[in-house]
There are 2 protein chains.
Amino acid sequence: MADHKKRFEIIIQKLRENGQKITPQRMAIVKILAKSTGHPSVEDIHDEIKKDFPTMSLATVYRNIVLIKSLGEVLELGFPDGRNRYDGNKPYPHPHVICIKCKKVIDSNLGSLDDLKDEVAVETGFKILNHRLDFFGICSNCMAEKV
Amino acid sequence: MADHKKRFEIIIQKLRENGQKITPQRMAIVKILAKSTGHPSVEDIHDEIKKDFPTMSLATVYRNIVLIKSLGEVLELGFPDGRNRYDGNKPYPHPHVICIKCKKVIDSNLGSLDDLKDEVAVETGFKILNHRLDFFGICSNCMAEKV
DNA sequence: ATGTTAAATAAGAATAATTATCATTTAATA
DNA sequence: TATTAAATGATAATTATTCTTATTTAACAT
């Protein structure tokens, strides 16, 4: 089964287990999050779904993301300019590489930061639960386009 | 000279070099950013300065942060919940450790991520300019307070 | 199959952080 | 001290997100 199909099933299953109803709108949102290779914003998701559900409300997208986030099945990437983006395909912390020109967000396949995490825990006395690592730069496309 | 005094002078000097006026309000903001051990939010800064300048406008704080950011002399830490925080003492990327209970933000003294950066550049074809590494967890104080 | 009910949705109002506007004030320079 | 472009203060505008409420509907029991 394709990766995003599997993720879709996992998230739907988890929703069921938590007594949530499976509505068509909810399924549409989960479907996009399960793929989410492009790290869509709430508006991206809303626009995409409006093709099938012209009455889909933005509030519904927000509500469902909060819900799915609370189940640990989507990763939220917040940015200072207030355009959060989401990854429901790999909901665990992993490095992202972000183009500051075209705003593309891609995944990196770097190894884990467990060693660093342990160092930080010892150094600070924190119980570390989570982390986030982003690299910012310019992608090869945007580099080629520079005038 | 104390660390934050030095930072203050550096930032003021850079403002001068760029033809910016040195106003009392601007100095007050730079002074707080130069210290900024607590990684203050815009509101924190505004509240602090209002003690000396009761008429200080929020807009002035925002404007000056944008300006100082454009000079590369303050690091902006954006969070999904829309409460950005600032570090003008160490304006270059460095790991932060954030308590998810009391929202405290402290610095970590981990070594550099230059090796990782190079790996990512090779892997993705990006020109990497910047990065951000945050660890989220619970600080020892909050851990002790749990009921 | 159908009725019941608590939860979900749609639409739009409310909120909160940030940015823009514009009249007034002021730092820098002559 | 006068001049002038830039900075400030006050507030309106904007934008992302959350809240509210009437309506609809998925899930379950009959």
Side-chain angles (χ1 to χ4, degrees), chain A residues 11-33 39-71 74 76-86 103 105, chain B residues 11-33 39-71 74 76-86 103 105:
Chain A
I11 298 174
I12 293 292
Q13 179 56 24
K14 202 145 181 181
L15 284 165
R16 269 192 228 283
E17 281 166 12
N18 282 69
Q20 308 297 329
K21 293 185 179 174
I22 308 303
T23 66
Q25 294 93 332
R26 185 160 282 169
M27 290 204 300
I29 293 166
V30 171
K31 196 169 147 198
I32 291 180
L33 288 178
H39 303 81
S41 67
V42 164
E43 208 177 318
D44 292 336
I45 295 170
H46 185 232
D47 288 348
E48 178 70 20
I49 295 180
K50 275 218 290 200
K51 294 174 190 167
D52 295 326
F53 296 83
T55 65
M56 163 65 79
S57 166
L58 250 184
T60 297
V61 180
Y62 277 107
R63 263 189 307 247
N64 276 283
I65 284 178
V66 169
L67 172 63
I68 298 167
K69 216 169 40 167
S70 77
L71 301 177
V74 67
E76 180 176 56
L77 300 175
F79 293 103
D81 52 50
R83 259 306 184 71
N84 295 350
R85 306 192 40 179
Y86 296 88
K103 309 298 180 192
V105 178
Chain B
I11 298 175
I12 293 292
Q13 178 57 23
K14 203 146 181 180
L15 284 165
R16 270 192 228 281
E17 281 166 12
N18 282 68
Q20 308 296 330
K21 294 184 178 173
I22 308 303
T23 67
Q25 293 93 332
R26 184 160 283 168
M27 290 204 302
I29 292 167
V30 171
K31 196 168 148 197
I32 291 180
L33 288 178
H39 303 82
S41 68
V42 165
E43 207 178 317
D44 292 336
I45 296 170
H46 186 231
D47 287 348
E48 177 70 19
I49 295 181
K50 275 217 290 198
K51 294 174 192 166
D52 294 325
F53 296 83
T55 65
M56 163 66 78
S57 166
L58 251 184
T60 297
V61 180
Y62 277 107
R63 266 189 302 244
N64 276 283
I65 283 178
V66 169
L67 171 63
I68 297 167
K69 215 169 41 167
S70 78
L71 301 176
V74 66
E76 180 176 57
L77 300 175
F79 294 102
D81 53 49
R83 261 304 185 72
N84 295 350
R85 306 195 35 182
Y86 296 89
K103 309 298 180 192
V105 178

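These values consider heavy atoms only, across backbone and side chains, with no hydrogens, waters or symmetry-generated copies. In what follows, every chain begins at residue 1, and chains take the letters A, B, ... in the order their sequences are listed.
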Phosphate-side-chain proximity, T23(B) and dA7(D), N/O vs OP1/OP2 below 4.0 Å: no
side-chain N/O Q25(A) vs dA10(C) OP1/OP2, d < 4.0 Å: yes
Whole-Å distance separating the CG atom of L67(B) from the P atom of dT19(C): 13 Å
Partner of Y86(A) by side chain to side chain contact (heavy atoms under 4.5 Å, CB included), out of I29(A), V42(A), L77(A), V61(A): V42(A)
Interatomic distance, I65(A) CD1 vs dA16(D) P [rounded to whole Å]: 14 Å
Side-chain touch I11(B)/L71(B), heavy atoms, less than 4.5 angstrom: no
Distance, rounded to the nearest Å, where E76(B) contributes CD and dA17(C) contributes P: 15 Å
Sugar-phosphate only, base, or nothing, as touched by P24(B) at under 4.0 Å among non-hydrogen atoms: sugar-phosphate
Heavy-atom closest pair, residues H39(A) and R85(A): O-NE, 2.6 Å
Comparing R63(B) and K69(A) on DNA chain D - which has the more 5′ nearest nucleotide: R63(B)
Options dA27(C), dT9(C), dT19(C), nucleotide nearest the side-chain atoms of K21(B): dA27(C)
Out of dA10(C), dC19(D), dT18(C), whichever nucleotide has its closest atom nearest the side chain of M56(A): dA10(C)
Close side-chain approach of K31(A) to I49(A), heavy-atom, < 4.5 Å: no
Side-chain N or O of N84(A) closer than 4.0 Å to phosphate OP1/OP2 of dA16(D): no
Nearest-angstrom distance from the residue atom NE2 of H46(B) to P of dT18(C): 13 Å
Distance test, side-chain N/O of S57(B) to OP1/OP2 of dT8(D), below 4.0 Å: no
Nucleotide dT17(D), atom P - distance to CZ of F79(A) in whole Å: 12 Å
For atom CG of N64(A) and atom C1' of dA8(C), their distance in whole Å: 8 Å
Length of the line joining E43(B):CD and dT15(C):C1', which is rounded to integer Å: 14 Å
Sugar-phosphate only, base, or nothing, as touched by Q20(B) at under 4.0 Å among non-hydrogen atoms: sugar-phosphate
Nucleotide dG12(C), atom C1' - distance to CG of L58(A) in whole Å: 12 Å
L15(B) side chain reached by V30(B) side chain, heavy atoms, under 4.5 Å: yes
I22(A) vs Y62(A), nearer the 5' end of DNA chain D by closest nucleotide: Y62(A)
